[in-house]
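The next block holds one structure in the form of structure tokens; read it before the comments.
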Number of protein chains: 2
Amino acid sequence: MPPASRTTPHPRPMRADARRNYDRILAAAAEAIAEHGAEASLEEIARRAGVGSATLHRHFPSRQKLLEAVFHDKVEVLCATAAELAADPDPGHALATWLGAVARHVVSNRGLATSLMLGAHDSDPAVGATCHAMITNAGANLLDRACRANTARPDVSITDLLTLVNAICLAVEQEPDGAAQVDRLLTLMLTGVRPAGETANRRR
Amino acid sequence: MPPASRTTPHPRPMRADARRNYDRILAAAAEAIAEHGAEASLEEIARRAGVGSATLHRHFPSRQKLLEAVFHDKVEVLCATAAELAADPDPGHALATWLGAVARHVVSNRGLATSLMLGAHDSDPAVGATCHAMITNAGANLLDRACRANTARPDVSITDLLTLVNAICLAVEQEPDGAAQVDRLLTLMLTGVRPAGETANRRR
DNA sequence: GTACGATATGGAGGGCCACCCCGTTTTGCA
DNA sequence: TGCAAAACGGGGTGGCCCTCCATATCGTAC
């Protein structure tokens, strides 16, 4: 999310060189984060982008801001998915499907979890464009529907669910067999530990 | 867990000054971690303990090792609790109670989560004394009993449960109202999201 | 096409940190 | 009491994040 894009006329449309560097930094950050996770060195990102560290800091005053910019597109995809699923005839299934999609995105984009969770507190509350706000709004509808259809407990908030999803992904992030684990834990979370009658083979 | 204590005769019983410094570092680390969390500066810990930073590194080659040493006692408490609960007539309740206790310890000891989770992979597998191994073993019995009593699904491993508990605590660690959240999420996890009939007031 | 002010840049430097080398001190045993 | 082995810690190295400010670049008005 370039602060002032060319298409949306803002106070100052952002100079060409500034925009170029902005994009370079974003690309470099995406690479670095994919390799080293959300803790990737900001200096190395600047180095990769071929800009000075000061430039990086000017464009992204905090690591959080950079993460949000890097993942903005992916979060938009998730929001779009939520919008589509809102038409699903089975609200419970829609919610579960969407949470699964969120989880999949998070595990395959190291750092996304951090990006989604943080910013709930420290960032400017006026900006509804933070990853956190976007995803929360997108999920709220799905949960509401599921709740009204009586396939979700009414005392559960979308924040709860997203926190759990993120928590699972975070916890599993450094496990070797990540993705597989997430699926199990996620369904486990959704169905609960209590008995269910049916049986399956024991793992680990 | 001093590598070689005075009571348990080891290869070399550890010199007096070494033991003294070891204990000082441990105490200083406990303080620092309580204040600043698991990311506390190692140099500051050394400074507090009145030793050189090299000494700290000699005793604890990695941050992980230090965390494990600091939390070793608390983990032992949890293991003891597990042993007691093994006598509980209601295995399902025992398991839930214990997981709650684990969560409470984790939230009230910043860094414990990290200590419990890590070390599953990077530490010497021969050493069964890591926090991770200790807690896993302690919980396995409780889960087994619950499973046999048909109050826990057989396809759930203790690793799953502990991962989830830790995940919740990690995710909530930087929330302002931490402890309260953990309770909700934990019970949510244990009962699952699926409808249950009963109602409660909606939060957030 | 040019000149000029606003804007953006990046290298240098400060403060902090983890980690290691190696000369010095302490310890415990004979 | 002497002495080798063990432990110590100051200081060096390299990395990190972040800021300052002299310099280079851009967009525009003429």
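Computed from heavy atoms alone, side chains included, the values below leave out hydrogens, waters and symmetry copies. The chains referred to below are lettered A, B, ... by the order of the sequence lines, with proteins before strands, and numbering in each begins at 1.
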Nearest-angstrom distance from the residue atom NE2 of A:His57 to P of C:dG11: 15 Å
Starting at the 5' end of DNA chain D, which residue's closest nucleotide do you reach first, A:Leu42 or B:Gly52? B:Gly52
Between C1' of D:dG15 and CZ of A:Arg47, the distance in whole Å: 9 Å
What is the nucleic acid contact for A:Arg58, judged by heavy atoms within less than 4.0 Å: base, sugar-phosphate only, or nothing? base
Is it the case that the base of C:dC16 and the side chain of B:Glu44 share a donor-acceptor contact (distance under 3.5 Å, atom types as modelled)? no
Atom NE2 of A:His36 and atom P of D:dG15: how far apart are they, to the nearest Å? 13 Å
To the nearest angstrom, the OH-C1' distance between A:Tyr22 and C:dT7 comes to 18 Å
Would you state whether a donor and an acceptor, one from the side chain of B:Arg15 and one from the base of D:dA6, lie under 3.5 Å apart? yes
What is the distance, rounded to the nearest whole Å, between atom CE of A:Met14 and atom C1' of D:dT25? 15 Å
Spacing of OG1 belonging to A:Thr151 relative to CG belonging to A:Leu143, to within rounding of 0.5 Å: 9.0 Å
Report yes if at least one side-chain N or O of B:His59 is closer than 4.0 Å to OP1 or OP2 of D:dC8; otherwise report no. yes
C:dA8, OP1 or OP2 - any side-chain N/O from A:Asn21 closer than 4.0 Å? no
Minimum-distance pair of heavy atoms, taken over all atoms of A:Cys169 and A:Val106: CB-CG1, 3.4 Å
Which part of the nucleic acid, if any, lies within reach of A:Ala54 when heavy atoms closer than 4.0 Å are counted: base, sugar-phosphate only, or nothing? base
Can you list every pair that meets salt bridge (Lys or Arg N to Asp or Glu O under 4.0 Å) and has a residue in residues 26-35 of chain A, with sequence neighbours left out? A:Glu31-A:Arg48, A:Glu35-A:Arg48
What is the distance, rounded to the nearest whole Å, between atom CD of A:Glu43 and atom C1' of C:dG10? 12 Å
For D:dC18, does OP1 or OP2 lie under 4.0 Å from any side-chain N or O of A:Ser53? no
Does A:Ser41 make a side-chain N or O approach to OP1 or OP2 of D:dC16 shorter than 4.0 Å? yes
State which of C:dC21, D:dT25, C:dA18 makes the closest approach to the side chain of A:Asp17. D:dT25
Between the main-chain N or O of B:Leu112 and the side-chain N or O of B:Asn109, is there a donor-acceptor pair closer than 3.5 Å? no
Using whole Å, what does the distance between atom P of nucleotide D:dA24 and atom CZ of A:Arg20 come to? 16 Å
Rounding to an integer number of Å, can you tell me how far A:Arg24 CZ sits from C:dT9 C1'? 12 Å
Applying side-chain contact (heavy atoms from CB on, under 4.5 Å) to A:Ala138 and not counting sequence neighbours gives A:Cys79, A:Ala82, A:Trp98
